[in-house]
Amino acid sequence: MTPARPHFDHLAQTAMSAGAAAPLGATWTGEGVNFALYAPHATRVELCLYDADAAHEVGRLDLPAHSDGVWHGHHPLLRPGQAYGYRVHGPYAPEEGHRFNAHKLLLDPYARGFAGAFRWTAAHHGHRPGHARGDLSFDRRDNAWGMPKCRVVATTGHVPDRPHIPWRDTVICEAHVKGYTMMNPEVPAPLRGTYAGFAHPASIERLKRSGATTVELLPVQEFIDEPGLITAELTNYWGYNPINWFVPAARYAGGGDPATEFRAMVRALHSAGLEVIVDVVYNHTAEGDERGTTLCYRGIANSVYYLAGADARRSANLSGCGNTLNLAHPRVLQLVMDSLRHWVAEFGVDGFRFDLATALARGRDGFDPAAALLACLRQDPLLSQVKLIVEPWDATGCHTGAFPQGFAEWNDRYRDALRGFWLTRAVHRGELARRLTGSSDLFAHNGRAPQASINFVTAHDGFTLADLVAYERKHNEANGHGNSDGTNDNRSLNCGVEGPTADANILARRERLKRALMATLMISQGVPMFPAGDDQGRTQDGNNNAYAQDSPTTWIDWDGADERLADLHRRLAALRRAHPALTRTGWFSGTPTRLGEPDIAWLSPAGEMLRPEDWNDLGQRAFAYVIGRREASESLLLVLINGASDATTFALPPAAAAPWQVLLASSDGGAQVSPDQAHCAVGPESLAVLASAPVSAHG
């Protein structure tokens, strides 16, 4: 049954010409607007036009032409700013993968702007929730009142200038646009939580002070809150629930146009020399599984956009979020590529972090490093020039190190090794050494460099650094799932008390371990990444899955910042910048020449060269290594690592050029060189970095 048409004004009386099948979306031609929608199995597509406030429908027209699966038409009277949506007709046959329902107003997958906000209603389902036939039932309620409307936007076509920071110099700060500024007293109250607040000089100064060169923003492509969260009066704070891939999220705009405000934020960060990477979610959409909503893709071409599960009716769920985008289809691949180009060309972003990237690179037999999306990204003239980072796992498995050249990868093996060495003592010296030197066992193939490894100890998902040394169990009760959500595999250490304590000895040890983890991250080969706030002791009170906590739980408490920890992070970043030996673009051979001019030399605390059989003894917690190339005028660096519970005295090798100087120790008073340069005492559970050539002060 076709929905009844309301009364329309002159727009409905103006005939549309056939227009063009490309580009997809609503395109201002200078003489009107061309509309093109890929819906190959549809029988009819209606363009619904709305007034300036996007509150009332003022016209409804059929797209007159159909070419190669694309419905298209050109309207001569329309201009940028016009609000619109689609109603798509076709078979409602879930068993065949088709879920057309023209009672539902649908968003354009290529929409470049929105008007109004999404409001939850059960009418957003194409079927009747609770019906005896489940998703095979059919819902005739109109959902237009609860839908945002698309807006026609004239694109600039201008690719902004970018900082182009080399990978070897990159230090990534993972940040949330809202959480970074909501509690910063130096940001004016009206700007807090917005793009403009993130671009405020006070925010930029904090970022620069941390030593970050690159900001990796949690998802900012338009997303919505899940119905269950709305019912529980929570929100999807992280943003991993996308409904559109072209439009910046309106919730972070300060009342103006989100695209304009986002673009201004990127410009401000670029002016300060900071790069902007966007965390993008192309593995699933907010529509959920076959029992979910019909907001866009499901009502336009369900069998095209989504991978089928056991049969055409069911959705495959490689993302753990109900559905999986079908990147094997050329039109879906085109949508992803077009949106990525849009963020670079229109907004000037410097790269992308692909959430659950394994789900985007699947062939017939599972993960395929030659998958179409990866190949397209590597050859694209624009996208191949920006930073491409993948999360190398999905709900079905992990493939760290298996992505091709041109991609950097979040290194979970690095995370687990550092936690295992410093906290649980389940990792031996050999495993830590592999991670310190760039994880060659994972990435030294196909011409990849150490910078293919994105090293991290903590991220948005999991414990913060402060919580990692204060909790051994998750405390996610506030999420409303009975503490059943979030991982149980935390590899953390509470140091004797779960959560807050006044015990001075426990607090001292927690501080020592935080500093050791932070220091190890910043001196490792590869690219360091840290979550904003971890450099100053941010806590989430043991919540290791704070995706729904848009509150002080996740916002950074600037007034409560641990300035001593922040100062250490600044000094570590300065140390990293000053010493090229810490940011090599080639791999260590592992074969030393003379001790004074090694590729890398591994030493025991007694100063002896470590033998192969020495690496795997879990009882031995201390070792040292020497790096630096004299021929490249690099200072020779000696790193002393003491994972033991007591102080360890290291025999120092002969200094090659000048006396050994302590550049940095992770704990207070944590490294003392003897007057005769023979030994250096390193405090418990800490590390120190020494240099054999004169150096200037850092930090």
Side-chain angles (χ1 to χ4, degrees), residues 1-14 16 25-26 33 35 37 39 42-63 71 73 75 78 81-90 92 98-129 131 135 137-153 222-227 230 241-244 246-247 250-251 285-288 292-302 305:
M1 179 179 176
T2 302
R5 286 174 176 264
H7 177 71
F8 300 129
D9 64 9
H10 68 287
L11 289 176
Q13 311 305 318
T14 303
M16 296 184 75
V33 178
F35 295 88
L37 179 74
T43 57
R44 178 184 171 199
V45 174
E46 291 181 291
L47 171 67
C48 302
L49 303 173
Y50 287 80
D51 62 12
D53 295 327
H56 302 288
E57 191 174 356
V58 297
R60 192 180 294 185
L61 296 161
D62 285 0
L63 293 185
W71 294 81
H75 198 299
L78 301 184
Q82 176 65 51
Y84 71 99
Y86 288 116
R87 295 183 186 270
V88 182
H89 299 255
Y92 188 80
H98 302 311
R99 295 182 179 271
F100 295 99
N101 187 335
H103 297 273
K104 312 303 171 184
L105 185 74
L106 303 176
L107 302 176
D108 182 355
Y110 276 78
R112 264 70 169 187
F114 289 117
F118 176 81
R119 290 171 288 176
W120 172 247
T121 167
H124 288 318
H125 289 88
H127 66 284
R128 279 274 181 179
H131 193 279
D135 65 294
S137 62
F138 188 75
D139 188 284
R140 289 179 169 80
R141 290 173 292 182
D142 195 307
N143 72 329
W145 69 270
M147 288 293 287
K149 311 307 184 288
C150 307
R151 276 214 191 274
V152 177
V153 174
E222 191 61 86
F223 62 94
I224 60 176
D225 300 317
E226 294 91 328
I230 296 173
N241 200 41
I243 196 59
N244 173 276
F246 290 85
V247 182
R251 65 185 70 192
T285 79
E287 291 185 307
T293 52
T294 298
L295 307 173
C296 180
Y297 315 94
R298 176 163 289 131
I300 295 170
N302 179 72
Y305 282 110

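The shown structure was predicted, so the numbers you read here are calculated from the model rather than taken from an experiment. The first residue in the sequence is number 1, and the count goes up from there.
- With sequence neighbours excluded, no residue forms a salt bridge (Lys or Arg N to Asp or Glu O under 4.0 Å) with R112.
- Under the side-chain contact (heavy atoms from CB on, under 4.5 Å) criterion, P109 pairs with L37, C296, Y297, I300, Y305, L335, sequence neighbours left out.
- One N or O on the side chain of H103 and one on the backbone of R140 form a donor-acceptor pair closer than 3.5 Å.
- Listed by chain and residue number, nothing satisfies the ring-ring contact (aromatic ring centres under 6.0 Å, His included) test with F223 (two or more places apart in sequence, or in another chain).
- Note that CD of E57 and CG of L49 are 8.0 Å apart. Values are rounded to the nearest 0.5 Å.
- Considering only residues two or more places apart in sequence or on other chains, Y92 meets the side chain to side chain donor-acceptor pair (under 3.5 Å) condition with none of them.
- Rounded to the nearest 0.5 angstrom, R128 CZ and S137 OG are separated by 8.0 Å.
- Residues L61 and H75 meet the side-chain proximity criterion, which asks for heavy atoms closer than 4.5 Å.
- Looking only at distances, a side-chain donor or acceptor of K149 sits under 3.5 Å from a matching main-chain atom of A144.
- Side-chain contact between L106 and V88: present, with at least one pair of heavy atoms (C-beta onward) separated by less than 4.5 Å.
- The aromatic rings of W120 and F118 are tilted relative to each other, their planes meeting at an angle between 30° and 60°.
- With hydrogens and angles ignored, the 3.5 Å screen pairs no side-chain donor or acceptor of N302 with any backbone N or O of H98.
- The structure places CZ of R87 at 5.0 Å from CG of L105, a figure rounded to the nearest 0.5 Å.
- Taking every heavy atom of both residues into account, A286 and I243 meet most closely at CB-CD1, 4.3 Å.
- Rounding to the nearest 0.5 Å places CD of E287 at 6.0 Å from OG1 of T294.
- Counting heavy atoms from C-beta outward, L47 and Y86 have side chains that approach closer than 4.5 Å.
- A search for side-chain contact (heavy atoms from CB on, under 4.5 Å) contacts involving A123 returns K104, T121, R141, N143, not counting sequence neighbours.
- Between the Q82 side chain and the Y50 main chain, a donor and an acceptor come within less than 3.5 Å of each other.
- With sequence neighbours excluded, no residue forms a ring-ring contact (aromatic ring centres under 6.0 Å, His included) with F114.
- With hydrogens and angles ignored, the 3.5 Å screen pairs no side-chain donor or acceptor of D108 with any backbone N or O of C150.
- Residues E222 and A250 approach most closely at OE1-N, 3.1 Å, considering heavy atoms.
- The distance from the CG atom of L295 to the NE2 atom of H124 is 6.0 Å, given to the nearest 0.5 Å.
- Here the straight-line distance linking atom NE2 of H131 with atom CG of D139 works out to 10.0 Å at 0.5 Å rounding.
- Under the side-chain contact (heavy atoms from CB on, under 4.5 Å) criterion, A115 pairs with A54, R151, not counting sequence neighbours.
- Considering only residues two or more places apart in sequence or on other chains, D225 meets the salt bridge (Lys or Arg N to Asp or Glu O under 4.0 Å) condition with R251.
- Under the salt bridge (Lys or Arg N to Asp or Glu O under 4.0 Å) criterion, R298 pairs with no residue, sequence neighbours left out.
- F35 is linked by a ring-ring contact (aromatic ring centres under 6.0 Å, His included) to Y84, counting only residues two or more places apart in sequence or in another chain.
- Taking the side chain as every heavy atom from C-beta outward, D62 and H89 never approach each other to under 4.5 Å.
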